[in-house]
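Notes follow the structure.
Heads up: numbering here begins at 1 and tracks the sequence.
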Amino acid sequence: MAVVWDGRTDEEKLQELLRLGEQTQLDFKAELDLRDRKHELDFVKDAVAMANRPPGGYILIGITDDGDLPSTPWRIKNPQMFDGATLRDKIGKYIEADIEVVSQIHTLKGSDVVVVAIFSTRSGLPVPMMSMGQYNKPNGKGRMKTKTVFRPGEIFIRDGAGNVPVRYRDWPSVLAQHDHQLKEAATSDVNSLMSKLADAIGDGGKVNVPLEPFLADDTVSSAIRANIRQGNRAELKIFLQNTREEIVLAEEKIKPLVRLVGVGCEAMLADDYDLAIKTIETMYDAFSSIAKSPSAVAATIVAAYLFGAAAVRSGCWELIPELVLRPFQRTPAHPRYSSWIRYGQIEASAHNQYPFSSHPVDKVDHDEADDNGTMISEGLSWARNYPLLRPDVLHDFGLHNNTTRKTDTLLNSLCQFDFLYAWLVNASARRQGGGGAYAASSAFKHWRTLPIIERTITNGEMRAKLFPASREKEIAQALQSTHSHAEKVSNREKYFTGWEPLPTWIADFIDYLVDGTNTSGQQPRNSSRAPLHQTGSNVVELETLRAKN
């Protein structure tokens with residue numbers, strides 16, 4: 001299973017990485033003493049080789065080659081030695097380029113583990129060693145011999161679990177990021193002009209701002225906004241049609257998917273419901289055409305998550321069931337799924353695209369697969385790299401060296417959409433058929449997801465938009481089963497504490513709607529009841545119940 005690079009170093013990322021084995025973007029070291037010359041040089045070589053494979057990679061210090069904690073706990077005497085700035089300075093002594101390093105120390109069962117994220121260079125160019133890296137070691141005959149780790153001018157890259165000199169066949173992948181930057185630079189003047197033109201168009205005109213494939217993402221974003229502002233439906237419709245064709249036909253799916261979601265994001269910010277729905281329909285239509293390709297399926301599901309996360313952030317609750325509750329059956333001979341998203345997750349897992357399953361795919365029924373959150377990390381990686389996916393979030397990437405409950409807007413919205421998706425599918429299973437869904441957000445801290453549960457329960461209008469055809473009992477039962485499964489899966493982790501139980505006031509809400517009683521065996525006191533859905537079900541007002549707990 002491949003590493004998803006998103007630059008995070010938190011406990012959740014450590015948990016994700018420990019499920020994997022050593023590979024090109026992931027290296028394990030049982031210990032590291034940076035006062036030791038050999039340790040220092042080996043670390044520098046590993047880090048530079050990793051930076052030479054864009055977008056970078058991770059080094060876990062305090063983990064054996066088998067992916068376990070050492071038999072004797074490894075403890076760090078001087079945490080400052082593993083600070084990102086210190087590690088960057090260690091590397092910088094041997095190279096000319098500036099390689100960004102982010103690190104964080106965690107303690108598992110009394111043993112320290114350092115998560116080190118190594119970023120590739122901003123230029124995209126590979127970094128040669130600048131000086132000789134040598135140390136002395138005993139030769140077994142009472143003398144010392146010199147061991148050379150690297151020489152000036154050598155360029156190393158990661159290949160599997162080791163480092164190798166760059167080879168001719170490696171250059172296309174090594175230079176891919178640099179080539180992309182050159183292409184963007186070549187059209188920068190045109191993009192700048194188009195962006196200024198789009199921003200300059202006022203609300204009163206009727207000027208079509210062209211949406212062309214060669215435009216950079218920030219220019220596309222400006223052009224989409226201008227066309228929405230001007231009501232240029234023809235231009236936007238053509239753009240959606242062309243994007244759909246590119247998703248279906250192009251070998252590289254990410255760029256057109258990013259632009260498709262970008263239209264949806266701008267539509268939500270402009271309260272353009274019809275355009276947002278058209279974006280969803282375009283995505284679903286493209287998905288139906290590429291359903292035989294597991295890699296294309298996986299990429300489209302990540303795009304759907306990013307659309308859903310944007311809907312959470314913008315409060316467009318009515319769009320979430322429109323996105324999620326679309327049944328899918330590839331052919332009459334294939335199983336029917338209550339949501340196309342669930343089909344996509346299982347299809348990708350079965351073909352080892354994004355490792356959604358926390359169990360080997362040959363040892364678990366795909367319909368019972370437990371999601372492990374890698375897809376959410378992949379979505380975060382896309383969002384970090386493509387501003388078009390987050391026009392409302394400009395600078396929040398969650399790359400902070402602290403353990404406080406910071407507001408990681410992008411990651412939290414992805415986790416919250418994920419839980420809503422599973423909750424919606426499970427609440428509609430009786431009508432839709434095709435089985436339920438599981439929350440991949442179980443791989444992250446429960447406090448990322450809990451706010452959306454609380455908001456949904458206490459806001460009847462929001463709940464009506466999210467569950468337009470479900471009765472309150474169905475909603476409560478689905479919440480109970482979705483959270484219970486997430487709690488169970490999260491507590492299977494080897495080294496980490498999982499989700500906490502639902503707060504008492506929420507458990508009382510569920511018990512009351514499902515069984516007619518709360519945890520104390522009594523009906524909760526409700527201040528009022530008000531109509532919720534067209535089905536005639538009632539909303540339970542819980543402010544007094546919440547205040548009691």
message: Can you classify the ring geometry of Tyr421 versus Phe417 as parallel (below 30°), tilted (30 to 60°) or perpendicular (above 60°)?
response: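 Rings of Tyr421 and Phe417: parallel, as their planes differ by under 30°.
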- request: Assign the ring pair Tyr386 / Trp382 to parallel, tilted or perpendicular, where the plane angle (0 to 90°) is split at 30° and 60°.
  value: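 Correct class here is perpendicular.
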Using 0.5 Å steps for rounding, measure from the [atom1] atom of [X] to the [atom2] atom of [Y].
X	Y	atom1	atom2	answer
Trp5	Glu378	CH2	CD	13.0 Å
Ile105	Phe82	CD1	CZ	7.0 Å
Leu411	Gln416	CG	CD	9.5 Å
Trp74	Asp112	CH2	CG	6.5 Å
Asp418	Tyr305	CG	OH	3.5 Å
Leu466	Trp317	CG	CH2	6.5 Å

Please determine, by modelled atom types, if [X] and [Y] share a side-chain donor-acceptor pair under 3.5 angstrom.
X	Y	answer
Ser221	Glu266	yes
Arg259	Thr243	no
Glu347	Tyr337	no

- prompt: Is Glu246 salt-bridged to Lys255, cutoff N-O under 4.0 Å?
  reply: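 Salt bridge: no.
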query: Between Asp10 and Arg8, does at least one N-O distance fall below 4.0 Å, as a salt bridge requires?
result: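 The answer is yes: the pair qualifies as a salt bridge.
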- prompt: How far apart are the C-alpha atoms of Asp68 and Leu18, what are their side-chain angles, what is the distance that settles it, and do they pass the side-chain contact (heavy atoms from CB on, under 4.5 Å) test?
  reply: CA-CA 8 Å; Asp68 297 320; Leu18 285 177; over 6 Å; no
message: Could you walk me through whether Ser441 and Arg448 satisfy the side-chain contact (heavy atoms from CB on, under 4.5 Å) test, starting with their C-alpha distance in whole Å, then the side-chain angles of each, then the deciding distance to 0.1 Å, before giving a yes or no?
response: CA-CA 8 Å; Ser441 47; Arg448 297 191 185 278; over 6 Å; no
message: Between Lys292 and Arg330, is the side-chain contact (heavy atoms from CB on, under 4.5 Å) condition met? List the steps.
response: CA-CA 8 Å; Lys292 293 181 180 180; Arg330 186 169 140 193; 3.5 Å; yes
Which atoms form the tightest heavy-atom contact between [X] and [Y], and what is the distance?
X	Y	value
Arg326	Ile280	NE-CG2, 3.5 Å
Pro503	Leu450	CD-CD1, 3.9 Å
Val113	Gly62	CG2-O, 4.0 Å
Asp159	Thr24	C-OG1, 4.1 Å
Ile91	Val44	CA-CG2, 4.1 Å
Leu323	Ala304	CD2-O, 3.5 Å

task: Could you walk me through whether Val425 and Ile341 pass the side-chain contact (heavy atoms from CB on, under 4.5 Å) test, one step at a time?
output: CA-CA 10 Å; Val425 170; Ile341 294 177; over 6 Å; no
Taking [X] for the side chain and [Y] for the main chain, is one N or O donor matched with an acceptor at less than 3.5 Å?
X	Y	answer
Glu11	His106	no
Glu154	Pro165	no
Gln25	Met50	no
Ser381	Asp6	no
Thr300	Ala296	yes
Gln177	Thr121	yes
Glu100	Phe119	no
Ser442	Ala439	yes
Thr86	Gln80	yes
Trp340	Ile301	no

pair [X]-[Y]: side-chain heavy atoms closer than 4.5 Å:
X	Y	value
Leu306	Arg390	no
Phe328	Arg342	no
Arg88	Ile99	no
Phe28	Thr64	no
Ser490	His446	no
Pro126	Trp171	yes
Ile320	Val312	yes
Val4	Leu380	no

message: Please enumerate all residues that pass side-chain contact (heavy atoms from CB on, under 4.5 Å) together with Arg37, with sequence neighbours excluded.
response: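 Glu40, Leu41, Tyr94, Tyr135.
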Return yes when atom [atom1] of [X] has more than 12 non-hydrogen atoms of other residues, nucleotides or ligands closer than 6.0 Å, and no otherwise.
X	atom1	value
Arg122	CZ	no
Arg167	CZ	yes
Lys93	NZ	yes
Glu96	CD	no

message: Exactly one of Leu20, Val115, Val116 should register a side chain to side chain contact (heavy atoms under 4.5 Å, CB included) with Tyr58. Which one does?
response: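 Exactly one candidate clears the test, Val115.
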